Amino acid sequence: MLSLRDRVEQRLSGEVCHACIFRTSKGTCSLEAVRDCPILTRVDQIIDIVRRIDSPTMDPYIAALREAVCADCEMQKESGECPLRDKLDCALDDYFAWIVNIVDEELAVRG
Ligand code: SF4
Ligand code: SF4
């Protein structure tokens, strides 16, 4: 049986990565040469956020994402703005509701 982290990582690399706007027709990541994947480099933080929060709305999850990930991200400005987020160019932010749902499902299997 895979660990929770491995299961989540496997689903993110499969489901989300395959549908990601940065995925090329050759199955590679167009971000690869530019910067690290914002999702696959934050698996631990994402799991921690979903573990800590139990809410029917996304607001608390998004607030936790800003605090636990965006605050340390080199892309976010001191003002709290993020040019990538504003242009829907951060895959983590774009697919965050889906990602939360995946982690929730895996936590329900065996948290
Ligand atoms: S940005 Fe991340 S999730 Fe998107 S295609 Fe690249 S590796 Fe996959
Ligand atoms: S939304 Fe911006 S600050 Fe947050 S993880 Fe994505 S790129 Fe970084």
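The shown structure was predicted, so the numbers you read here are calculated from the model rather than taken from an experiment. We count ligands from 1, going down the list as the structure has it; atoms in each ligand are counted the same way. Position 1 is the first residue of the sequence; numbering continues from there.
The environment of Asp59 atom CG is dense: over 12 non-hydrogen atoms of other residues, nucleotides or ligands sit within 6.0 angstrom. Annotation for Glu15: atom CD counts as buried by contact number, over 12 foreign heavy atoms lying within 6.0 Å.
Between Ile21 and Tyr95 there is a side-chain heavy-atom pair separated by less than 4.5 Å.
Judged as a salt bridge (Lys or Arg N to Asp or Glu O under 4.0 Å), and not counting sequence neighbours, the contacts of Arg5 are Glu9, Asp44. Judged as a salt bridge (Lys or Arg N to Asp or Glu O under 4.0 Å), and not counting sequence neighbours, the contacts of Arg66 are Asp93.
If you count the protein N, O or S atoms nearer to atom 4 (Fe) of ligand 1 than 2.8 Å, you get 1.
Electrostatic pairing of Glu105 and Arg11 counts as a salt bridge here, judged by a charged N lying under 4.0 Å from a carboxylate O.
Excluding water, every protein N/O/S atom under 2.8 Å from atom 4 (Fe) of ligand 2 is given here by residue and atom: Cys70 SG.
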* Show the numbers, then the answer: is there a side chain to side chain contact (heavy atoms under 4.5 Å, CB included) between Ile99 and Val8? => CA-CA 9 Å; Ile99 292 166; Val8 168; over 6 Å; no

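The distance from the CG atom of Leu92 to the CE atom of Met75 is 13.0 Å, given to the nearest 0.5 Å.
Scanning all heavy atoms of the two residues, the minimum distance from Ala68 to Arg52 falls at CB-NH2, 4.4 Å.
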